[in-house]
Number of protein chains: 2
Amino acid sequence: MDQDGKKLAAENCCHGQNMEQVEEMMPTDECLYDVAELFKLFGDSTRMKILYALFESELCVCHMAQLLGLTQSAVSHQLRILKGGRLVKPRREGKTVYYSLADDHVRKIIAQGMEHIMEQQGVMV
Amino acid sequence: MDQDGKKLAAENCCHGQNMEQVEEMMPTDECLYDVAELFKLFGDSTRMKILYALFESELCVCHMAQLLGLTQSAVSHQLRILKGGRLVKPRREGKTVYYSLADDHVRKIIAQGMEHIMEQQGVMV
DNA sequence: CTAATATATGAGCAGATGTTCATATGTTGT
DNA sequence: ACAACATATGAACATCTGCTCATATATTAG
């Protein structure tokens, strides 16, 4: 029993588990939070569309909007978020701003996700 | 001018861009949506904690709750979502249910995200 | 069957998120 | 300076999300 008078379930089940070991290899809460925040950036179809559109070459905001069938405003808002997360970087040329993927990691992460989807579709009936 | 009497911005800027080419290599909307949905699963710190806890070995629900300082209910709700997305799989043994990562892709994706975070922290001042 | 334990789930709620609309900022040409 | 164009941003709003609480289901022991 603990101080509250209730037995903690964890004390009774899966005794074989080495909890200390699991706890030791866990990253800090802050680190896990940051990773989650990173993946959150990829977790919206509008942002994913934008990122994928930038896979091969840079594009200006208006072209992205046109290509993806989105409002200029919506694209701009999402680009702001992506820029904040260092997933894309802007390059100004006169009135237009060209965006491109910030680094190759972004490409790798998306590719990995895409792979996983494809595999699952293959497995699905 | 288009039919609405407004010029489309995209017609005037970045003339050098080959939009057809970009459009051709774009995956279907459905595919992009699925990838976004996949990443959304990784985009919550509670779920990320759970996934990372399962990195090395399977764990039962109550142990996850204890280890991560979460309610059993909260963990169970998130496990349901993760299971739905085929990121984890359950194994029943008597009263307790052990969860483990569904496949190695999950590990790879998390590792890739973690790498990205580490790199950025290195770059930061 | 009943009690105890482990997990799952539905309802309700508070906070986060993405879009639209209007408007501001920045750049170029006249 | 002014007009036109490209982009950015703030406010408002509707939707989505994750948590808590209560309760249901499943399994085992007695």
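Each chain gets a letter, A, B and so on, in the order its sequence line appears, and its residues count up from 1. Nothing here was measured: the structure is a model prediction, and the numbers come from that model.
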Distance below 4.0 Å between B:Lys40 side-chain N/O and D:dT17 OP1 or OP2: yes

Residue A:Arg80 excluded, over 12 heavy atoms near CZ under 6.0 Å: no

Passing candidate, side chain to side chain contact (heavy atoms under 4.5 Å, CB included) with A:Val35, options B:Met48, B:Met118, B:Lys49: B:Met48

Rounded interatomic separation in angstrom, taking CZ from B:Arg91 and C1' from D:dA26: 17 Å

Mutual orientation of the aromatic rings belonging to B:Phe39 and A:Phe39 [parallel < 30°, tilted 30-60°, perpendicular > 60°]: parallel

Derivation of the side-chain contact (heavy atoms from CB on, under 4.5 Å) call for A:Val61 and A:Gln72: CA-CA 7 Å; A:Val61 179; A:Gln72 174 269 320; 4.2 Å; yes

Residue A:Phe55 excluded, over 12 heavy atoms near CZ under 6.0 Å: yes

For A:Lys95, all residues meeting salt bridge (charged side-chain N to carboxylate O under 4.0 Å, His left out), sequence neighbours excluded: none

Residues touching DNA chain C, which here means a heavy atom under 4.0 Å, drawn from residues 68-78 of chain B: B:Gln72, B:Ser73, B:Ser76, B:His77

hydrophobic_cluster_shared for A:Met26 and B:Leu101, side chain cutoff 4.5 Å: yes

Separation of D:dA8 P from A:Met64 CE (nearest whole Å): 9 Å

Atom-pair distance (CD1 on A:Ile81; P on D:dT9), nearest Å: 11 Å

Distance, rounded to the nearest Å, where B:Arg80 contributes CZ and D:dT25 contributes P: 15 Å

Euclidean distance, atom CD of residue B:Glu37 to atom C1' of D:dT17 [Å, nearest integer]: 12 Å

Short side-chain N/O contact from B:Tyr99 to OP1 or OP2 of C:dA6, under 4.0 Å: no

Gap between atoms NZ and C1', on B:Lys95 and C:dA8 respectively (whole Å): 16 Å

D:dT17 OP1/OP2 closer than 4.0 Å to side-chain N/O of B:Arg47: no

Protein-nucleotide distance (B:His63, atom NE2; C:dT5, atom P), rounded to Å: 16 Å

Upstream residue (5' side of DNA chain C) when A:Gly43 and B:Arg92 are each assigned their closest nucleotide: B:Arg92

Nucleotide nearest A:Val97 when distance is taken to its side chain, options C:dT7, D:dG18, D:dT7: D:dT7

Rounded distance (Å) that lies between atom C1' of C:dT19 and atom CG of A:Leu79: 15 Å

